[in-house]
Amino acid sequence: MLQRPRGTRDFLPDEMEARAEIEGRMREAARRFGYRPVRTPAFEELELFTLRSGPGIVNEMYAFEDKGGRALTLRPELTAPVLRLYVNEARVLPKPLRWYYVDDCFRYERPQKGRYRQFWQFGAELIGVDSAGADAEVILLADAALRAAGVQYELKVGHLALLRSLLVDLDETARRTVMGLLDKREMNALRDALTDLGRADLLGSLVALVGATTLDEAFAVTGPLPEEARLRELVALLEAAGLEYSLNFGIVRGLDYYTGMVFEGFAANLGAENQIVGGGAYRLAHLFGGEDTPSCGFAIGFDRVMVALGEVAVPHRTVVAILSTPEGAASAFRAAAALRAAGLRAELDLSGKGLGAQMTKAAKTADFAVLIGAREAEAGVVAFKNLSTGLQETLCLEDAVARAAGREVDAPGSR
RNA sequence: GCCAGGGUAGGGUAGCUGGUCAUCCUAGGGGACUGUGGAUCCCCCGACCCGGGUUCGAGUCUCGGCCCUGGCCCCA
């Protein structure tokens, strides 16, 4: 038997409805912040991602050559495509641009809990403003989206300037090593690495900075920096908004295009892959041929949100089953059309079985049954049955629709 | 790429010191029931991941592969 590719998933209706419910709440959060949806191609030129992240990532991508010899890849993330879109199509739109997206990405990695080869990201990019307010808005939107989804998580906000100020004297390679170890909180390995570099003197400052929980503590380690005023403003805005978060200046966020503010969020019970959101202020547009444009954004791991939520209660919508004998079939289709036109979910019984069997089925799945046999078809009425109370009435079609929609009926008949 | 544990009807499972009809639950289909309920009863359908090896005989032991789950690495 054919199997689905490794690291991919099928979604049955129950799960799709849960995902659509959560996605809808997150989209609504974005809408309320004034963010509007964008969509980019599922595949892009390979160079788009190597420009951003270096050639090493090709191994982690679904890269391929098309029939025209072009080097392409399935997108491994969405920030670069969205910024490419901005440079290509939207440079002259009035700033700031507030965009969000929900789409699938592809990475050739070993699957594990919360990590798949096809996965979905919900993200937003705020393009063309560079301010504490911009930083704050993006953090607040990420938080609003996660809270709308119902996720319990821990939010950490930091700024790269402080760590970088301590590491200015180190060369590129050494800085990456140190930042990598800090990111993993491997303090013993960090001490060894600093000793090898002849910079054991940095250890105390680094440990103090990473452990700092207030701006005062952090700037006591680094001394005055040009970024201090903006960072204090950001903190004031976040406090004013009532955001629950902690400061953390050990956040490294991988690569170099992040320019200042960075943030991460972690959910409980997600196993080894517990990061649920990551983002920050960055500059990418110039890499793709645009003007140097400040941006700020984040990406939420949508699948991890779903794992963290577990069971999702999807709001119940009324289901009307339509039962009929052969003589009532035409009327049944007419009744279904009327119910659907009223926005109700109407399911015709197509089994051709007896009414007993049809009712058995309806009782399992529906809230109401509309039954049309020879008698009802002849009289131009329907038998309308409330399957939770067992009450049955003979009604005209309009009244049956009103009943199913939860409205009162003026002169209800009865059996 | 590495490590550990797994893979038996659609879903969940028992069997695993090699040898009887491979167990049970559930779901699905049919019937008791050709104008009305989720119950009950009866019947049916349906599985040992793939391939090699050992053996008279492999679901069971062994090797390889694939896949799943979790962890390492990586994480844009």
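So that the names make sense, note that chain A is the first sequence line, chain B the second, and so on, each numbered from 1.
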A.B. asks: Leu78(A) CG to rA76(B) P: how many Å, rounded?
C.D. replies: 14 Å
A.B. asks: Please name the nucleotide paired to rC48(B) by Watson-Crick or G-U wobble geometry with both distances under 3.5 Å, or report none.
C.D. replies: none
A.B. asks: Would you please confirm or rule out a distance under 4.0 Å between OP1 or OP2 of rG70(B) and any side-chain N or O of Gln112(A)?
C.D. replies: no
A.B. asks: Please state how far atom OH in Tyr116(A) lies from atom P in rC75(B), giving the value in whole angstrom units.
C.D. replies: 21 Å
A.B. asks: Please confirm whether any donor atom in the side chain of Arg9(A) sits under 3.5 Å from an acceptor in the base of rC68(B), or the reverse.
C.D. replies: no
A.B. asks: Need the pair for rG35(B). Rule: Watson-Crick or G-U wobble, both distances under 3.5 Å, any strand; none if unpaired.
C.D. replies: none
A.B. asks: When you compare rG29(B) with rG10(B), how far apart are their C1' atoms, in angstrom units rounded to a whole number?
C.D. replies: 13 Å
A.B. asks: Taking a pair as Watson-Crick or G-U wobble with both distances under 3.5 Å, which nucleotide is matched to rG1(B)?
C.D. replies: rC72(B)
A.B. asks: Has the side chain of Asp66(A) got a donor or acceptor atom that lies under 3.5 Å from a matching backbone atom of Arg70(A)?
C.D. replies: yes
A.B. asks: Is it true that Asp143(A) and Tyr153(A) share a donor-acceptor pair across their side chains at a distance under 3.5 Å?
C.D. replies: yes
A.B. asks: For the pair Arg98(A) and Glu125(A), find out whether any cationic side-chain nitrogen is under 4.0 Å from an anionic carboxylate oxygen.
C.D. replies: no
A.B. asks: Assess whether a salt bridge exists between Glu227(A) and Arg230(A), defined as any Lys/Arg side-chain N lying under 4.0 Å from an Asp/Glu carboxylate O.
C.D. replies: no
A.B. asks: Using the P atom on both, measure rU23(B) against rC44(B) and round to a whole Å.
C.D. replies: 13 Å
A.B. asks: Taking the minimum atom-to-atom distance to the side chain of Ala363(A), which one of rG37(B), rC75(B), rG35(B) wins?
C.D. replies: rG37(B)
A.B. asks: Using a 4.0 Å heavy-atom cut-off, does Ala299(A) contact any base of the nucleic acid, only the sugar-phosphate backbone, or nothing at all?
C.D. replies: nothing
A.B. asks: Please confirm whether the ring centroid of Phe384(A) lies under 6.0 Å from the ring centroid of Phe368(A).
C.D. replies: yes
A.B. asks: Measure from CG on Leu323(A) to C1' on rG35(B) and round the result to the nearest Å.
C.D. replies: 10 Å
A.B. asks: Classify the side chain of Gln358(A) and the base of rU36(B) as holding, or not holding, a donor-acceptor pair under 3.5 Å.
C.D. replies: no
A.B. asks: Mind checking the C1' distance from rC2(B) to rC73(B)? Whole angstroms is fine.
C.D. replies: 8 Å
A.B. asks: Taking atom P in both rC61(B) and rC16(B), compute the distance separating them and give it to the nearest angstrom.
C.D. replies: 10 Å
A.B. asks: Side chain of Leu355(A): nearest nucleotide among rG37(B), rG35(B), rA76(B)?
C.D. replies: rG35(B)
A.B. asks: Checking all strands, does Asn386(A) fall into the base, sugar-phosphate, or nothing category for heavy-atom contacts under 4.0 angstrom?
C.D. replies: base
A.B. asks: How long is the line joining CG of Leu46(A) and P of rA76(B), in whole Å?
C.D. replies: 18 Å
A.B. asks: Taking the side chain from Thr73(A) and the backbone from Arg75(A), do they hold a donor-acceptor pair closer than 3.5 Å?
C.D. replies: no
A.B. asks: Rounded to whole angstrom units, what separation is found between the CZ atom of Arg115(A) and the P atom of rC75(B)?
C.D. replies: 10 Å
A.B. asks: Report the residue (Thr365(A) or Glu77(A)) whose heavy-atom-nearest nucleotide on RNA chain B is the more 5′ of the two.
C.D. replies: Thr365(A)
A.B. asks: Is it true that Arg283(A) and Asp130(A) make a salt bridge, defined as a side-chain N closer than 4.0 Å to a carboxylate O?
C.D. replies: yes
A.B. asks: Should the pair Arg25(A)-Glu28(A) be classified as a salt bridge under the 4.0 Å nitrogen-to-oxygen rule?
C.D. replies: no
A.B. asks: Kindly check if the number of other-residue, nucleotide or ligand heavy atoms within 6.0 Å of CZ (Arg36(A)) is above 12?
C.D. replies: no
A.B. asks: Using a 4.0 Å heavy-atom cut-off, does Gln275(A) contact any base of the nucleic acid, only the sugar-phosphate backbone, or nothing at all?
C.D. replies: nothing
A.B. asks: Base, sugar-phosphate, or nothing: which does Glu327(A) touch, judged by heavy atoms less than 4.0 Å apart?
C.D. replies: nothing
A.B. asks: Does rC68(B) have its OP1 or OP2 closer than 4.0 Å to a side-chain nitrogen or oxygen of Arg6(A)?
C.D. replies: yes
A.B. asks: Looking only at atom P, what distance separates rU69(B) and rG12(B), rounded to whole Å?
C.D. replies: 12 Å
A.B. asks: Mind checking the P distance from rG31(B) to rU17(B)? Whole angstroms is fine.
C.D. replies: 45 Å
A.B. asks: Rounded off to whole Å, could you give me the NZ-to-P distance for the Lys385(A) and rG38(B) pair?
C.D. replies: 10 Å
A.B. asks: From CZ of Arg176(A) over to P of rA76(B), roughly how many Å is that when rounded to an integer?
C.D. replies: 11 Å
A.B. asks: Between rA4(B), rG35(B), rC75(B), which nucleotide gets closest to the side-chain atoms of Arg110(A)?
C.D. replies: rA4(B)
A.B. asks: State which of rG37(B), rA76(B), rG70(B) makes the closest approach to the side chain of Arg107(A).
C.D. replies: rA76(B)
A.B. asks: Separation of Glu15(A) atom CD from rG11(B) atom C1', in whole Å?
C.D. replies: 14 Å
A.B. asks: At 4.0 Å (heavy atoms only), tell me whether Gly7(A) reaches a base, stays on the sugar-phosphate, or touches nothing.
C.D. replies: sugar-phosphate
A.B. asks: Could you work out which one of rG38(B), rG70(B), rU36(B) sits closest to the side chain of Lys113(A)?
C.D. replies: rG70(B)
A.B. asks: Touch check for Gly373(A), heavy atoms < 4.0 angstrom, all strands: base, sugar-phosphate only, or nothing?
C.D. replies: base
A.B. asks: Under 3.5 Å, which protein N or O atoms sit close to an N or O of nucleotides 25-31 of chain B? Give each pair with its distance.
C.D. replies:
{"unit_1": "rG30(B)", "atom_1": "OP1", "unit_2": "Lys353(A)", "atom_2": "NZ", "d": "3.0"}
{"unit_1": "rG30(B)", "atom_1": "OP2", "unit_2": "Lys353(A)", "atom_2": "NZ", "d": "2.7"}

A.B. asks: Please give the distance between the C1' atoms of rA22(B) and rA9(B) as a whole number of Å.
C.D. replies: 11 Å
A.B. asks: For the P atoms, the ones on rA58(B) and on rG52(B), what distance do you get once it is rounded to whole angstrom?
C.D. replies: 12 Å
A.B. asks: Are Tyr62(A) and Tyr108(A) an aromatic pair by the rule of ring centers under 6.0 Å?
C.D. replies: yes
